[in-house]
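Here's a structure for you.
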Amino acid sequence: MASKPSAFLKENFTFHRIILVLLLSCTPDSTDLSYDSSPPQEISSSSVPSTPLSLRTLPLDGHFNFEGIQYAAKDFGGSYYNLPFAVLHPKSVSDISSTVKYVFELGSASGLTVAARGHGHSVQGQSQAPNGVVIHMESLRLPKMQVHDGESPYVDVSGGELWINILHETLKHGLAPKSWTDYLHLTVGGTLSNAGISGQAFQHGPQIDNVYELEVVTGKGEVVTCSGKHNADLFHAVLGGLGQFGIITRAKISLGAAPERVKWIRMLYHDFSMFSRDQEHLISRKNTFDYIEGFVNINKTGILNKWRSSFKQSDPLQASLFKSEGKVLYCLEVALYFNPHESNVMSKKVDELLSELSYIRSTLFTSEVSLVDFLDRVHLSEMKLRAKGLRDVLHPWLNLLVPKSKISDFAKEVFGNILQGNSNGPILIYPVNKSKWNNKTSLVTPDEDIFYMVAFLPSAVPSASGTESLEHILAQNERIKSLCSTVLLGIKQYLSHYSTQEEWQTHFGPQWEVFVQRKSEYDPLAILAPGQRIFQRTSPKGQWTVYKSRK
């Protein structure tokens, strides 16, 4: 939880509040977009003006729920609980537009906010709207998904559609999106509001760089179609915009030819410098794998034994003698897409690529699976965890984008010191080429040509103690963030979460002014995405709205 701001921060806070008021003075009924850096507190129903009863009678194709909506008060992270006033189940874009426009026309005095909730996979309350309206985006099934063939094929989908459904539908046409997240049971609007990053991003960029057109409901309730050429400022603002400028209700997503099979390979490294060098070599190579990711294993027992259920070892005898206990090991995971008639060509290419790498030869494991099984691999693991009752726990995740120049020092300090010989949950680490990423979107990345995605994905059972406890994991996260903010400068958070507006300004850097200007243009009353805690509405008495985290 954030501490009380110092006098210096209070002065900065006042200064930025004045600047924001000036920026927004040209809009009717503007509200201040300042953020309260004090610890979140629960909003009681008495702290927000009574929500107009006419919200219940707003003409809609879908409907509101006012009871049984506790599920919308929490998310995948499990650490934040903020009950909304109502949940909208839209059947049309006009339902969303009418609701947001209604709230906008109430003016700043209402204090009412709106949050779009996809699959609820945020980890720090980003999809919540305390005493506000949560829009259940998966209820939006219009427009009906349509796949368009041609020279530049694309799929036209609702913002509430799941990526797994897009995969199945586009495969019927021999096509598929080019860039993915590791987990496909997420909505289009949700991932495009952040970025959408996985092992294909080094080659195709994140998902936000593979979109032709969007339909967006702004914070004024306006429905706007935008692209890189038409309403381009809104288009680039919304992509990676953390839901601050509009709700994505439709998207046209670029497609490519879909292979039938995937050669899936894993191997281990003792030395981080060799591991990172090989990763960087592969992503810079013109003819390379289609997917490249890495993992960190700290003092894990029997890694290779766990792989044997799904992978075939190249050297069974040596693999059986390999010991992982008491070591920090780095796993390189790669994949090559192919069609059955290309098996010989694929095998030669794999052999050529592997011959250039410095992995531990006895730890090479391979498998061949369908494209669906490969892309949906995390969900298959999730189902196993759910069967054991181990999925619905707390997820205090931390995602970072680390510049290439800092990755060695980062690895040495974090994997060799801060984590202290253990890690609770997977740690992903892999590089991407910034040249493949569009620099016009709202997404903030390190200022280097190559940077690494580093994702700490621990789980915590509420009753756990010691190194397995939530408190211990959060303390580790804070140590890592402190390292990034004081020693290894230039590191950026992905799926960002900060406690003060000063931290948000530091995060956005030179882009902060543009970010604020876009907020004043597209959501001048700070109605949208309150759970991101960047801009907060004020109460009628001029007191800052605050939230409470329940852990």
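Counting begins at 1 with the first residue of the sequence.
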Would a distance-only check, ignoring hydrogens and angles, find a side-chain to backbone donor-acceptor pair under 3.5 Å from His395 to Phe76? yes
Return yes when atom CG of Asp271 has more than 12 non-hydrogen atoms of other residues, nucleotides or ligands closer than 6.0 Å, and no otherwise.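 Yes, CG of Asp271 has more than 12 neighbouring heavy atoms, counting only those of other groups under 6.0 Å.
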Looking only at side chains, do Ser179 and Gln207 share a donor and an acceptor under 3.5 Å apart?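 No donor-acceptor contact under 3.5 Å links the two side chains.
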Do Tyr183 and Trp163 have ring centres separated by under 6.0 Å?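 Between Trp163 and Tyr183, which both carry aromatic rings, the centre distance is not below 6.0 Å.
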State whether a side-chain donor-acceptor pair under 3.5 Å links Asp376 with His185. yes
Aromatic contact, Tyr494 with Trp397 (centres under 6.0 Å): no
Are Tyr80 and His497 linked by a side-chain donor-acceptor pair shorter than 3.5 Å? yes
Side chain to side chain, Leu371 and Asp373, heavy atoms closer than 4.5 Å: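 Side-chain contact under 4.5 Å: no.
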When you measure from the side chain of Ser276 to the backbone N and O of Phe272, does any donor-acceptor pair fall under 3.5 Å?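 Yes, Ser276 side chain to Phe272 backbone: donor-acceptor pair under 3.5 Å.
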Whether His507 and Tyr498 hold their rings parallel, tilted or perpendicular, with breakpoints at 30° and 60°: tilted
Where does the angle between the aromatic ring planes of Phe415 and Phe456 fall among parallel (under 30°), tilted (30 to 60°) and perpendicular (over 60°)? tilted
Under a 3.5 Å cutoff, is there a donor and acceptor pairing between the side chains of Arg277 and Ser358? yes
If we only count heavy atoms from C-beta on, is the Tyr337 to Phe374 side-chain gap below 4.5 Å?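 Counting from C-beta outward, Tyr337 and Phe374 do come under 4.5 Å.
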With ring centroids as reference points, do Phe365 and Trp264 lie under 6.0 angstrom apart? no
Would you please say whether a donor-acceptor pair under 3.5 Å links the side chains of Thr445 and Lys492?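 Result is no, nothing qualifies.
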Between the side chains of Asn287 and Lys349, is a donor N or O closer than 3.5 angstrom to an acceptor N or O? yes
Strictly by modelled atom types, are Ser198 and Asp182 linked by a side-chain donor-acceptor pair under 3.5 Å?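 The criterion, which ignores hydrogens and geometry beyond distance, is satisfied for Asp182 and Ser198.
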Are the aromatic rings of Phe535 and Trp512 close, with centres under 6.0 Å apart? yes
For Phe275 and Tyr330, take the angle between the two ring planes, folded into 0 to 90°, and tell me which bin it lands in: parallel under 30, tilted 30 to 60, perpendicular over 60. parallel
Is it true that Glu521 and Arg518 make a salt bridge, defined as a side-chain N closer than 4.0 Å to a carboxylate O?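 Between Arg518 and Glu521 there is no salt bridge, as every charged N stays at least 4.0 Å from the carboxylate O atoms.
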Would you please say whether a donor-acceptor pair under 3.5 Å links the side chains of Gln517 and Tyr522?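 There is no such pair between these side chains.
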Let me confirm one number: the CD-NZ distance from Gln203 to Lys178, rounded to the nearest 0.5 Å.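 Result: 10.5 Å between the selected atoms.
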